[in-house]
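One structure below.
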Amino acid sequence: MTGALGLLRLFCIFFYLGLFAVGGGLVAAAFMKQILVERYGLLSIEKFYSMLAISESTPGPIGVNLATFCGTELYGPVGGIVTTLGEVLPSLIVIMLVARFFSGIQRKPLVQAAFSGVRPATSGLVLVAALGSILVSLFDVALFKDTGSVADLFLWRQIAFYALSLAVLSVFKKIHPVVLVAAGAVFGLLFL
């Protein structure tokens with residue numbers, strides 16, 4: 001993808017993502033991974049999950065942050081603007097239509113049935129995104145393939161920090177997520 005054609009194609013990809021990523025930012029992230037990493041090979045899986053981690057830890061919607069980050073990575077600031085517009089425009093259009101027509105149709109059985117089907121699908125997409133993030137964060141599959149040693153499969157420091165984070169969250173249920181994100185950044189700087 002080069003030049004204006006590349007930017008137009010990138011806009012169309014992110015418009016498609018924005019249109020069909022029903023269920024929030026992690027669903028959008030799962031779609032972005034599938035399209036940008038697996039289908040087109042525009043980003044490596046490691047780069048994508050690093051960008052996802054940064055997008056999750058910065059203010060704003062995860063899907064929009066990630067779209068902006070991906071576009072900027074691929075085409076600089078213009079790419080960031082193009083991908084952000086592509087990601088946000090479908091939601092804007094749909095929200096305007098829903099605001100105009102939804103109150104009159106929300107109790108209709110077909111609409112309720114549609115939403116009943118969308119919920120488990122989006123939950124599954126969130127789960128896939130979470131599992132992918134866990135796989136990249138806690139396991140080194142490439143090293144395991146090279147050495148064949150099970151011990152090389154696990155990223156022990158990250159697993160220890162993950163377990164500590166889960167323990168902290170289970171004890172201190174009202175801890176703000178920013179505290180854990182900041183602790184993760186400090187942990188990464190000191191130990192990785």
Is there a chain of hydrophobic side chains (I, L, V, M, F, W, Y, each step under 4.5 Å between heavy atoms) that links Ile93 to Tyr16?
yes

Side chains of Phe14 and Leu36 in contact at under 4.5 Å (non-hydrogen atoms)
yes

Which value, rounded to the nearest 0.5 Å, describes the distance between Leu66 atom CG and Met32 atom CE?
4.5 Å

Closest approach of Gly117 and Pro120, non-hydrogen atoms and distance?
O-CD, 3.4 Å

Euclidean distance, Ser57 OG relative to Asn65 CG, rounded to 0.5 Å:
9.0 Å

In terms of hydrophobic clustering (I, L, V, M, F, W, Y; side-chain heavy atoms under 4.5 Å; direct or indirect links), are Met51 and Val126 co-clustered?
yes

Decide yes or no for Phe11 and Leu89: does some side-chain heavy atom of the first lie under 4.5 Å from some side-chain heavy atom of the second?
yes

I need the Cys70 SG to Ile35 CD1 distance, nearest 0.5 Å.
11.0 Å

Cluster overlap Ile45 with Ile54, hydrophobic side-chain contacts below 4.5 Å:
yes

Are any of the side-chain heavy atoms of Val37 and Ser44 separated by less than 4.5 Å?
no

Nearest heavy-atom pair of Leu26 and Ala129: which atoms, and what distance?
O-CB, 3.3 Å

Which heavy atom of Ser55 sits nearest a heavy atom of Phe69, and at what distance?
OG-CD1, 3.9 Å

Could you check if a side-chain atom of Leu42 sits within less than 4.5 angstrom of a side-chain atom of Glu73, using non-hydrogen atoms only?
no

Would you indicate whether the side-chain heavy atoms of Lys108 and Ile105 approach each other to under 4.5 Å?
yes

List, one per line, each side-chain donor-acceptor pair under 3.5 Å for residues 155-165, sequence neighbours excluded.
residue: Trp156; atom: NE1; partner: Ala151; partner atom: O; Å: 3.3
residue: Arg157; atom: NH1; partner: Phe191; partner atom: O; Å: 2.6
residue: Ser165; atom: OG; partner: Phe161; partner atom: O; Å: 3.0

For Leu125 and Ala30, the nearest pair of non-hydrogen atoms, with its separation, is O-CB, 3.9 Å

Check the surroundings of atom CZ in Phe172: do more than 12 heavy atoms from other residues, nucleotides or ligands lie under 6.0 Å from it?
no

Please tabulate, one pair per line, all N/O donor-acceptor pairs under 3.5 Å involving side-chain atoms of residues 132-143, not counting sequence neighbours.
residue: Ser137; atom: OG; partner: Ser133; partner atom: O; Å: 2.7
residue: Asp140; atom: OD1; partner: Leu143; partner atom: N; Å: 3.1

Going by the side chain to side chain donor-acceptor pair (under 3.5 Å) test, which pairs reach into residues 19-43, not counting sequence neighbours?
Lys33-Glu38

Atom CG of Leu110 with >12 non-hydrogen neighbours under 6.0 angstrom:
no

Would you indicate whether the side-chain heavy atoms of Ile62 and Leu52 approach each other to under 4.5 Å?
yes

Identify whether Val78 and Val88 are in the same connected component of the hydrophobic contact network (ILVMFWY, side-chain heavy atoms under 4.5 Å).
no

Intermediate values then yes/no, side-chain contact (heavy atoms from CB on, under 4.5 Å), Leu192 and Phe187
CA-CA 7 Å; Leu192 302 179; Phe187 175 81; 4.1 Å; yes

Common cluster, Leu180/Val178, ILVMFWY with side-chain heavy-atom separation under 4.5 Å:
no

Could you walk me through whether Phe15 and Leu10 pass side-chain contact (heavy atoms from CB on, under 4.5 Å), step by step?
CA-CA 8 Å; Phe15 188 89; Leu10 200 62; over 6 Å; no

Considering non-hydrogen atoms only, spot the tightest contact between Ala167 and Ser170 and give its length.
O-OG, 2.8 Å

Looking at Ala67, is its backbone amide N or carbonyl O close enough to the side chain of Thr83 to form a donor-acceptor pair, meaning the two atoms are under 3.5 Å apart?
yes

Between Pro90 and Glu87, the two heavy atoms sitting closest are CD-O, 3.7 Å

